[in-house]
Structure formats: structure tokens, C-alpha cells
2 protein chains.
Amino acid sequence: MQRHIYDCQQGCPVESTLQIISGKWKSVIIYHLLDGTKRFNDLEKLMSDCSRRMLSLQLKELLADGVISKEVFPSVPVKTTYSLTEFGRTLEPVISSMEQWGIMYNQLHRSQASVSEVQK
Amino acid sequence: MQRHIYDCQQGCPVESTLQIISGKWKSVIIYHLLDGTKRFNDLEKLMSDCSRRMLSLQLKELLADGVISKEVFPSVPVKTTYSLTEFGRTLEPVISSMEQWGIMYNQLHRSQASVSEVQK
DNA sequence: CAGTATCCCACTTGATACTG
DNA sequence: CAGTATCAAGTGGGATACTG
């Protein structure tokens, strides 16, 4: 994936934030990790729209940006866990506001669906 | 651009939010419109990394999703303004938290830059 | 289990030029 | 001024198969 899409001239703060969280699945990963440490497999199940390949790529970038950390337990079979770093946890307000908005949006859509049902 | 990337199964709220704001430049546009109504040209200047073509495409999608509205004044030459709709303004907490985080992040980078300077 | 490697095409995006 | 049209190039991302 190409990094540094935004050059954040005039230091636009929103572009800076996007620099870190704008991957296709990054904020979703962070969202799930806010809930606690997860294994690769856990994330795969939580985000079934996201292919294993994409999950792997996005995790790698988050790792490189210091947002998450990875721990490998050399058991057989191997066990890996991902968690937010302290830095990653500073993104909580951002992800939480996205969560809050999404909840509101989903309720809106549910009620619109009900209206359509009634209109039939 | 392909829409509806996320099918938001289990109604993951973060995926729902991304459905609306995940375009490459969408949150930046919303950010600038929080500041007030803007003309096409204003946005072009504020986001000089974004090509005219991309700006146009992203505005079209935000329009289609009801996030922004457009007003055309049939003067010569034509004048167009974009503003957030009431719905679009509900995204303020999301964009503001991105802004806040970006400000923090930029300061962090500035001080790191200074440290590097000193280290030379 | 937790990935990586390879192939490959669709979509995204930039460049450039044109227009009401 | 505020876009659109067209073309070409590059990338994103799926499918599938393989591995320590």
C-alpha cells in the first residue's frame, strides 16, 4: 500500500489523522482492539468482510506506525496476539466518535426500513 | 468509485461510519465545510493535494449521501457554494475528534523534528 | 494457527484538454 | 468559475495455494 498520501500542507490536522487511520480496515481493527487484546483469528472472525490478506497488510501498517503491538507465543501451533499500544490508545476518542455516529446511523436506517415495511 | 464496500454485518457501527466518510478526501472536505459554506474554488485552494477531478467526484458522493448540499447561482461566470446539511453536521463530533488528534500528532512530530535538529 | 506468495483484473486516480 | 471528458497508468484487493 502506498503510504503518505497526504502531505498535510499547512499542517491540516484532519489529513494528519487520515495518514494514520485511513486504511480500508484500520479503524475497524482499532475499534475491535479497544475491546482488548485479540488473536489474528479473532479479528478474522470479527471482520469477515476483510480477507486474510488484507487483514495481514493492515495489521502490518498499524504495527509500523506504532499503533498496535504484536506478541508471538512460540507454541505449536503458533499463537499471536495484537493489542493497542499506548499511542494507539490515544486514538480512542476518534474511534469512539465514529462508533457513536455509526450507532445513530444504524438506528436511523433501521427505522427507515420499518417505514418501508409499513408502506408496503 | 465503488460504494458500499462494507456490508456492516452484525451492524458494526464503525463500518457504517466508514461507509459515509471513507472516501480519500471526504473527511477533509467536511472539515473545511464545518468552518462555513465554501465555493468550489475555495476548497480547491484549501486542498491543493486533491485534484480538481477528485474534488468533484468526492463532492458528488457526499451530495448523493446527503452530507452536503450545493447551491448554484446562475451568474456569469457561474458561482457554486457547498455547505453541510443538517445530517452532515451530525458528523461534527467525528471530524472534530480527528482534528484534535491531528493537532496532537502534529505537535508530537514537530517536537521530534526539533529533537532531530538538536541531535545533529 | 497465522500468516506469505503469486497471479491478475477492476477500479481509482492523475494528466491533460475542453466547455457552458 | 466550476466543472466534465477522455485516456492511460498504477494500485488495491480478491482468489487460490502454500508454509513454519
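First the proteins, then the strands, lettered A, B, ... as listed; each starts at 1. Side-chain atoms are counted along with the backbone in the values below, which use heavy atoms only and exclude waters and symmetry mates.
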Side-chain donor or acceptor of B/Ser97 paired with backbone N/O of B/Pro93 under 3.5 Å
yes

If every non-hydrogen atom of B/Arg89 is compared with every non-hydrogen atom of B/Leu84, which pair is closest and at what distance?
NH2-O, 3.4 Å

Nearest-Å distance for atom pair CZ/P, residues B/Phe73 and D/dG3:
12 Å

Roughly how many Å is it from CZ in A/Arg52 to P in C/dA5, rounded to a whole number?
14 Å

Among C/dT4, C/dG3, C/dT13, which is the nearest nucleotide to the side chain of B/Lys24?
C/dT13

Please state how far atom CG in A/Leu57 lies from atom P in C/dT4, giving the value in whole angstrom units.
8 Å

A cation-pi test, strictly: NZ or CZ of B/Lys38 under 6.0 Å from the centre of the six-membered ring of B/Tyr82 and no more than 45 degrees from its axis. Yes or no?
no

Could you tell me the separation between the CZ atom of A/Phe40 and the P atom of D/dT19, rounded to a whole number of Å?
18 Å

Which whole-number value in Å describes the distance from B/Glu44 CD to D/dA2 C1'?
8 Å

Quick check on C/dG3: is either OP1 or OP2 less than 4.0 Å from any side-chain nitrogen or oxygen of A/Lys60?
no

When rounded to whole Å, the CG to C1' distance for the pair A/Leu55 and C/dT4 reads 13 Å

Please state whether the phosphate of D/dG14, meaning OP1 or OP2, lies under 4.0 angstrom from any side-chain nitrogen or oxygen of A/Ser51.
yes

Expressed as a whole number of angstroms, how long is the span from A/Met54:CE to D/dG14:C1'?
10 Å

Check B/Ile95, B/Val67, B/Val28, B/Ile68 against B/Leu33 for a side-chain contact (heavy atoms from CB on, under 4.5 Å) and give me the one that passes.
B/Ile68

For D/dG20, the Watson-Crick or wobble partner whose two distances fall under 3.5 Å
C/dC1

For D/dA2, does OP1 or OP2 lie under 4.0 Å from any side-chain N or O of B/Lys79?
no

OP1, OP2 of C/dA2 versus side-chain N and O of A/Lys70: anything below 4.0 Å?
no

Any B/Tyr82 side-chain nitrogen or oxygen under 4.0 Å from OP1 or OP2 of D/dG3:
yes

Between A/Ser56 and A/Val78, which has a closest nucleotide on DNA chain C that is more 5'?
A/Val78

Judged by atom type as modelled, is there a donor-acceptor pair below 3.5 Å linking the side chain of B/Thr17 to the main-chain atoms of A/Met98?
yes

OP1 or OP2 of D/dT4 under 4.0 Å from side-chain N/O of B/Arg53:
no

In whole angstrom, what separates B/Glu61's CD from C/dT13's C1'?
13 Å

